[in-house]
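Just below is one structure, and these are the notes that go with it.
Order of the sequence lines sets the chain letters (A, B, ...), proteins ahead of strands, with each chain counted from 1.
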Amino acid sequence: QKEVEQNSGPLSVPEGAIASLNCTYSDRGSQSFFWYRQYSGKSPELIMFIYSNGDKEDGRFTAQLNKASQYVSLLIRDSQPSDSATYLCALSNAGGTSYGKLTFGQGTILTVHP
Amino acid sequence: DTAVSQTPKYLVTQMGNDKSIKCEQNLGHDTMYWYKQDSKKFLKIMFSYNNKELIINETVPNRFSPKSPDKAHLNLHINSLELGDSAVYFCASSQAGGIYNEQFFGPGTRLTVL
């Protein structure tokens, strides 16, 4: 089982819709979770982080974390064509040799069509 | 001002050559990282330095040698380049190396080994 799993997509949604991106992970020791957006040919850009169970909202973005189910998601409301990118889920583990290490999923390609 | 910068942006070289990539951050961060993104866009950590000290060294061939002259700089030297080294190499930095480490990425260096 991969440490961080994402549906590679592509996920296609119409403009104005809600895009839902999902991520599951295998290591119960994971304590912090990050969503990065990567446009083609560009570097990953941090858009959200979440450490506690529940929802965290920032503008059109909502991150949801459920540690019991080992599941983290990102909702994008009122999706825009400019949101079309690859979304990378990442997690950070506590202690040991994993200290400070981000483990990434393979990314979900999102396409928002007008 | 560029927060995390890398040089060169593109690097094309022959198998067997030795090359270096340089990274600098002006965010005042203590921790810097090297990541490799392969052709399938999978992003994987290689090394991490905290205040010039190596703290993460993943399973990377010893042809790869990082060096941090000070906490604002992290370089990557690669000896005897192989075809499989072709990838995009990203430098990143964060305030601290712990689990709550929001990492910020440089623009990447696309390495092509012929």
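By the criterion of side-chain heavy atoms lying less than 4.5 angstrom apart, applied directly or through intervening Ile, Leu, Val, Met, Phe, Trp or Tyr residues, L54(B) is grouped together with L74(B) in one hydrophobic cluster. Under the 4.5 Å side-chain contact rule for hydrophobic residues, W34(B) and V113(B) share a cluster. No single ILVMFWY cluster, assembled from side-chain heavy atoms under 4.5 Å apart, contains both Y35(B) and F42(B). By the criterion of side-chain heavy atoms lying less than 4.5 angstrom apart, applied directly or through intervening Ile, Leu, Val, Met, Phe, Trp or Tyr residues, F61(A) is grouped together with L21(A) in one hydrophobic cluster. Residue F105(B) is grouped with residue V88(B) when hydrophobic side chains (ILVMFWY) are merged at heavy-atom distances under 4.5 angstrom, including chains of intermediate members.
Counting only distance, with no hydrogens or angles, the side chain of Y36(A) and the backbone of Q103(B) share a donor-acceptor pair below 3.5 Å. The main-chain N or O of G108(B) is never found under 3.5 Å from a side-chain atom of S43(A) such that the two would form a donor-acceptor pair.
Rounding to the nearest 0.5 Å gives a distance of 4.0 Å between CD of Q37(B) and CD of Q38(A). Atom NZ in K41(B) sits 14.0 Å away from atom CD in Q106(A) (nearest 0.5 Å). Taking OG1 of T86(A) as the reference point, atom CG of L43(B) lies at 11.5 Å (rounded to 0.5 Å).
Around the NZ atom of K67(B), the shell of radius 6.0 Å holds no more than 12 heavy atoms that belong to other residues, nucleotides or ligands. Atom NZ of K56(A) is surrounded by more than 12 heavy atoms from other residues, nucleotides or ligands within 6.0 Å.
With a threshold of 4.5 angstrom between heavy atoms, L91(A) does not approach chain B through any atom at all.
Of all heavy-atom pairs spanning F90(B) and K42(A), the tightest one is CZ-O, 3.9 Å.
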*Can you check side-chain contact (heavy atoms from CB on, under 4.5 Å) on L102(A) and I45(B), steps first, answer last?*
CA-CA 7 Å; L102(A) 282 186; I45(B) 191 166; over 6 Å; no
_Verdict with reasoning, K44(B) to F104(A), per side-chain contact (heavy atoms from CB on, under 4.5 Å)_ = CA-CA 7 Å; K44(B) 187 170 170 60; F104(A) 283 86; over 6 Å; no
